[in-house]
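Contents: one structure, followed by commentary.
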Amino acid sequence: MIWAYCTNGFRDHPLDQTLEVLADLGYTGAAVTLDHGHLMPGASPAEVGRIAALARRLGLALAVETGGRYTLDPRRKHFPTLLHDEAEVRVHLLCRAMRIAADLGAPVVHLWSGIRPPEVPEQQAWDRLVRQCERLLSEADKVGVTLGFEPEPGMLVADLAGYERLRDLLGGHPRFGLTLDIGHCRCLEPYDVPECVERALPHLVHVQIEDMRRGVHEHLEFGEGEIDFPPALAALDGFGGLVAVELARHSHAAPEVARRSIDFLRRAHDMAVAGRSRR
């Protein structure tokens, strides 16, 4: 497993310090959220190159995430999305994110659909999403990165079935991969977590992980929710991408939370391995 941590959980640390702390704790990856205080979408090539060199020196594999809450609008969370009339702003951010990812040596750029605006009928929202994703995939082909699309509770594409529908509408494009959030599986999928992982594996390019409870979209530290992690990690066996802890609201105690998280995941993984050896 490439244990990673989402940098949106280190909002009180500069990105350099975040990467150094993660490497010191034993992480071998980082999911870099392009956002204020870290690496912004408008970062200069020199700044991107400096972060890339630092990550290489620290031995950290990278992915790029684009879920910053107020990256584009200081008053409206996640505005605009790919579903809004103003979607061009989001498309520009995602295209820039792909170019940054290529320069960082990060093979995956994460994205999601957004919540359907109430004034946009559902079919129109799907049409918009398909059209914008086609544009993004054209850019992904040019720069050589893969999109990791995340189903998100409450958004137009909320679950694995929604991702599969969108992938089909895009003709099964090889660069349209899946970001699976393990907590979301417990939150709203009709299957248990290992079944969700197995269903996701053919298209899986990026994993986010945290604990969660059924029906409640709240990212929790490991052990505070309802997920049985050894079977979930056993189902992930063989996945070669980042498995990134996503605890964006825990920045006030980020180093300690990150330490507890990797310790928990290592123990859970050891239990998964031991369980397989006893079969």
Side-chain angles (χ1 to χ4, degrees), residues 1-4 6 8-9 31 63 65-67 78 81-83 108 110-116 122 125-126 129-130 133 146-170 172-173 176-249 261 264-265 268-269 271-272 275-276:
M1 297 286 179
I2 302 176
W3 301 128
C6 298
N8 61 7
E65 298 205 358
T66 59
H78 295 321
T81 71
L82 295 173
L83 310 178
V108 174
H110 152 272
L111 73 161
W112 31 248
S113 65
I115 297 170
R116 179 174 64 85
E122 183 168 355
W126 276 96
L129 181 59
V130 170
C133 284
T146 296
L147 299 180
F149 192 96
E150 180 190 5
E152 180 88 19
M155 293 191 178
L156 179 68
V157 179
D159 54 18
L160 284 170
Y163 165 78
E164 290 163 353
R165 173 185 176 185
L166 180 57
R167 182 179 174 83
D168 286 346
L169 290 169
L170 293 167
H173 194 292
F176 193 72
L178 171 66
T179 292
L180 183 70
D181 188 300
I182 298 298
H184 296 172
C185 296
R186 177 58 187 162
C187 177
L188 87 167
E189 293 286 354
Y191 320 99
D192 64 24
V193 175
E195 284 181 283
C196 289
V197 173
E198 291 167 6
R199 180 173 174 177
L201 276 174
H203 309 302
L204 192 59
V205 297
H206 187 50
V207 173
Q208 298 170 343
I209 193 166
E210 68 286 316
D211 215 340
M212 205 167 287
R213 300 188 183 99
R214 189 71 177 167
V216 182
H217 185 200
E218 180 183 5
H219 290 229
L220 303 172
E221 279 199 65
F222 299 111
E224 295 183 358
E226 300 169 342
I227 298 175
D228 184 8
F229 281 94
L233 295 179
L236 273 171
D237 184 47
F239 172 65
L242 271 59
V243 180
V245 178
E246 189 186 19
L247 292 169
R249 297 180 180 177
S261 297
F264 181 96
L265 289 170
H269 185 256
M271 292 172 65
R276 285 198 302 271

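Closest approach of Cys187 to Met212, counting heavy atoms only: CB-SD, 3.5 Å. Annotation for Phe264 and Gly223: closest pair CE1-N, 4.1 Å, computed over non-hydrogen atoms. A pairwise comparison of heavy atoms in Leu147 and Val205 identifies O-CG2, 4.0 Å as the closest pair. Here the closest heavy-atom approach between residue Gly67 and residue Trp112 is recorded as CA-NE1, 3.8 Å. Counting all heavy atoms, side chain and backbone alike, Leu247 lies closest to Ser261 at CD1-OG, 3.9 Å.
The aromatic rings of His184 and His219 lie perpendicular to each other, with more than 60° between the two planes, well past the 30° mark.
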Ile115/Thr81 under side chain to side chain contact (heavy atoms under 4.5 Å, CB included): CA gap, chis, key distance, verdict: CA-CA 8 Å; Ile115 297 170; Thr81 71; over 6 Å; no
Does the pair His269 and Leu265 meet the rule for a side chain to side chain contact (heavy atoms under 4.5 Å, CB included), with working shown? CA-CA 6 Å; His269 185 256; Leu265 289 170; over 6 Å; no
Could you give me the CA-CA distance, side-chain angles and deciding distance for Leu82 and Leu111, then say whether side chain to side chain contact (heavy atoms under 4.5 Å, CB included) is met? CA-CA 10 Å; Leu82 295 173; Leu111 73 161; 4.2 Å; yes
Glu198/Tyr191 under side chain to side chain contact (heavy atoms under 4.5 Å, CB included): CA gap, chis, key distance, verdict: CA-CA 11 Å; Glu198 291 167 6; Tyr191 320 99; over 6 Å; no
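Between the side chain of Thr66 and the backbone N or O of His110 there is at least one donor-acceptor pair closer than 3.5 Å.
Taking the salt bridge (Lys or Arg N to Asp or Glu O under 4.0 Å) definition, one finds that Glu221 meets it with Arg260, sequence neighbours left out. With sequence neighbours left out, His203 forms a side-chain contact (heavy atoms from CB on, under 4.5 Å) with Tyr163, Arg167, Leu178. Applying the side-chain hydrogen bond (donor to acceptor under 3.5 Å, both in side chains) criterion to Gln208, with sequence neighbours excluded, gives Glu65. For His78, there are no side-chain hydrogen bond (donor to acceptor under 3.5 Å, both in side chains) partners two or more places apart in sequence or in a different chain. Remark: Glu164 engages Arg199 in a salt bridge (Lys or Arg N to Asp or Glu O under 4.0 Å) (not counting sequence neighbours). Legend: residues meeting side-chain hydrogen bond (donor to acceptor under 3.5 Å, both in side chains) with Ser113, ordered by chain and number and at least two apart, are absent.
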Just distance, no hydrogens or angles: give the donor-acceptor pairs under 3.5 Å from side chains in residues 225-244, sequence neighbours left out.
from	atom 1	to	atom 2	distance (Å)
Glu226	OE1	Arg186	NE	3.0
Glu226	OE1	Arg186	NH2	3.0
Glu226	OE1	Arg214	N	2.8

Name every donor-acceptor pair, under 3.5 Å, that has one atom in a side chain of residues 151-160 and the other anywhere in the protein, sequence neighbours excluded.
from	atom 1	to	atom 2	distance (Å)
Glu152	OE2	His217	NE2	3.4
Asp159	OD1	Ala161	N	3.4
Asp159	OD1	Gly162	N	2.9

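Side chains of Leu201 and Leu180 form no contact here, defined as non-hydrogen atoms less than 4.5 Å apart.
Once rounded to the nearest 0.5 Å, the distance linking CD of Glu189 with CG of Asp181 reads 10.5 Å.
Paired with Glu210 under the rule side-chain contact (heavy atoms from CB on, under 4.5 Å), one option of Glu246, Glu224, Glu218 passes, and it is Glu246.
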